Amino acid sequence: LITEQADIPLSRGAEMKGKCGTNESELELSWLDQAYVLKLFFLKEGHNTSRGPEAFWRLSRIQFTYDTSERTYFKDAVSPGKHTASSHRLSALVTPAGMSYECQAQQTISLVSSDHQKSVQLLLSEVRLQPFDITADFVFSE
């Protein structure tokens with residue numbers, strides 16, 4: 001049994017891009033020349049309740065691509081190269097529509113690697129997000 005472990009922090013110089021839609025949004029963070037790419041996918045949904053229609057948004061999918069041949073966090077990887085890990089049926093950070101999500105505490109989301117050989121844990125902390133209903137640049141709703 002071969003065990004390798006790497007802690008890969010999101011670097012301050014990460015590049016960001018995204019797609020903002022009415023009901024689907026995407027945030028992509030990449031660092032160290034695309035050796036690490038974290039994609040977060042969001043959905044906005046509505047449903048009828050006894051109080052009337054209610055809408056909310058949630059983090060619906062995560063995809064993390066990492067390169068074990070990149071030497072900053074991996075020294076001598078057994079199978080160097082690009083690997084991908086993804087979430088499975090995710091429903092996280094559920095927030096009422098029109099509002100932002102904020103949490104200082106650490107949260108862990110488990111991802112499944114495409115080859116099912118690796119365990120990938122995404123640790124989130126000091127998070128503030130709002131993928132929909134943004135009224136002004138760099139301004140979060142309550």
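Please read these numbers as outputs of a predicted model, since none were measured by experiment.
By the side-chain contact (heavy atoms from CB on, under 4.5 Å) test, R61 pairs with F41, Q63, S87, sequence neighbours left out. Residues passing the side-chain contact (heavy atoms from CB on, under 4.5 Å) test with A55, sequence neighbours excluded: A97. Every side-chain contact (heavy atoms from CB on, under 4.5 Å) that V112 has, sequence neighbours left out, goes to H116. Take R51 and apply the salt bridge (charged side-chain N to carboxylate O under 4.0 Å, His left out) test, not counting sequence neighbours, and it matches E54. S113 is linked by a side-chain hydrogen bond (donor to acceptor under 3.5 Å, both in side chains) to D115, counting only residues two or more places apart in sequence or in another chain. Contacts of R128 classified as side-chain contact (heavy atoms from CB on, under 4.5 Å), with partners at least two apart in sequence or in another chain: S100, E102, F140. With sequence neighbours excluded, no residue forms a salt bridge (charged side-chain N to carboxylate O under 4.0 Å, His left out) with D7.
Sequence neighbours left out, not one pair with a member in residues 92-101 passes salt bridge (Lys or Arg N to Asp or Glu O under 4.0 Å). Applying the side-chain hydrogen bond (donor to acceptor under 3.5 Å, both in side chains) test to pairs two or more places apart or on separate chains, those with a residue in residues 130-142 are K44-D133, Q130-S141. Here salt bridge (Lys or Arg N to Asp or Glu O under 4.0 Å) pairs that include residues 76-100, with residues two or more places apart or in two chains, are R71-D76. Contacts classified as ring-ring contact (aromatic ring centres under 6.0 Å, His included) and involving residues 81-110 (residues at least two apart or in different chains) are given here: Y66-H83.
Taking every heavy atom of both residues into account, I134 and V139 meet most closely at CG2-O, 4.3 Å. Smallest separation of non-hydrogen atoms from F74 and T68: CB-O, 3.3 Å. Taking each heavy atom of V94 and F56 in turn, the nearest pair found is CG1-CD1, 3.7 Å.
Note: the hydrophobic cluster containing F64 also contains Y73 (ILVMFWY, side chain heavy atoms under 4.5 Å, direct or indirect links). Taken together through direct or relayed side-chain contacts under 4.5 Å among Ile, Leu, Val, Met, Phe, Trp and Tyr, V127 and I62 form part of one hydrophobic cluster. Following chains of ILVMFWY side-chain contacts shorter than 4.5 Å, one can reach M16 starting from L10, so the two form part of one hydrophobic cluster. Cluster membership check: L93 shares its hydrophobic cluster with L40, using side-chain heavy-atom separations under 4.5 Å among Ile, Leu, Val, Met, Phe, Trp and Tyr. V120 and L122 fall within the same hydrophobic cluster, defined by Ile, Leu, Val, Met, Phe, Trp and Tyr side-chain heavy atoms under 4.5 Å apart, directly or through other members.
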Distance-only donor-acceptor hits, side chain of residues 17-32, under 3.5 Å, sequence neighbours excluded:
unit_1 : atom_1 : unit_2 : atom_2 : d
S25    : OG     : G21    : N      : 3.4
S25    : OG     : P131   : O      : 3.1
S30    : OG     : Q34    : NE2    : 3.2
W31    : NE1    : P9     : O      : 3.2

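The CG atom of L124 sits 8.5 Å away from the CG atom of L129 when rounded to the nearest 0.5 Å. A distance of 5.0 Å separates CG of L90 from CG of L59, quoted to the nearest 0.5 Å. Note that OG1 of T95 is 12.0 Å distant from CZ of R58, once rounded to the nearest 0.5 Å.
With a 6.0 Å radius and a threshold of 12 heavy atoms from other residues, nucleotides or ligands, Q106 has its CD atom above the threshold. E15 CD: 12 or fewer foreign heavy atoms inside a 6.0 Å radius.
Ring-plane geometry between F42 and W57 is classed as perpendicular, the angle between the planes exceeding 60 degrees on a 0 to 90 degree scale with a lower cut at 30.
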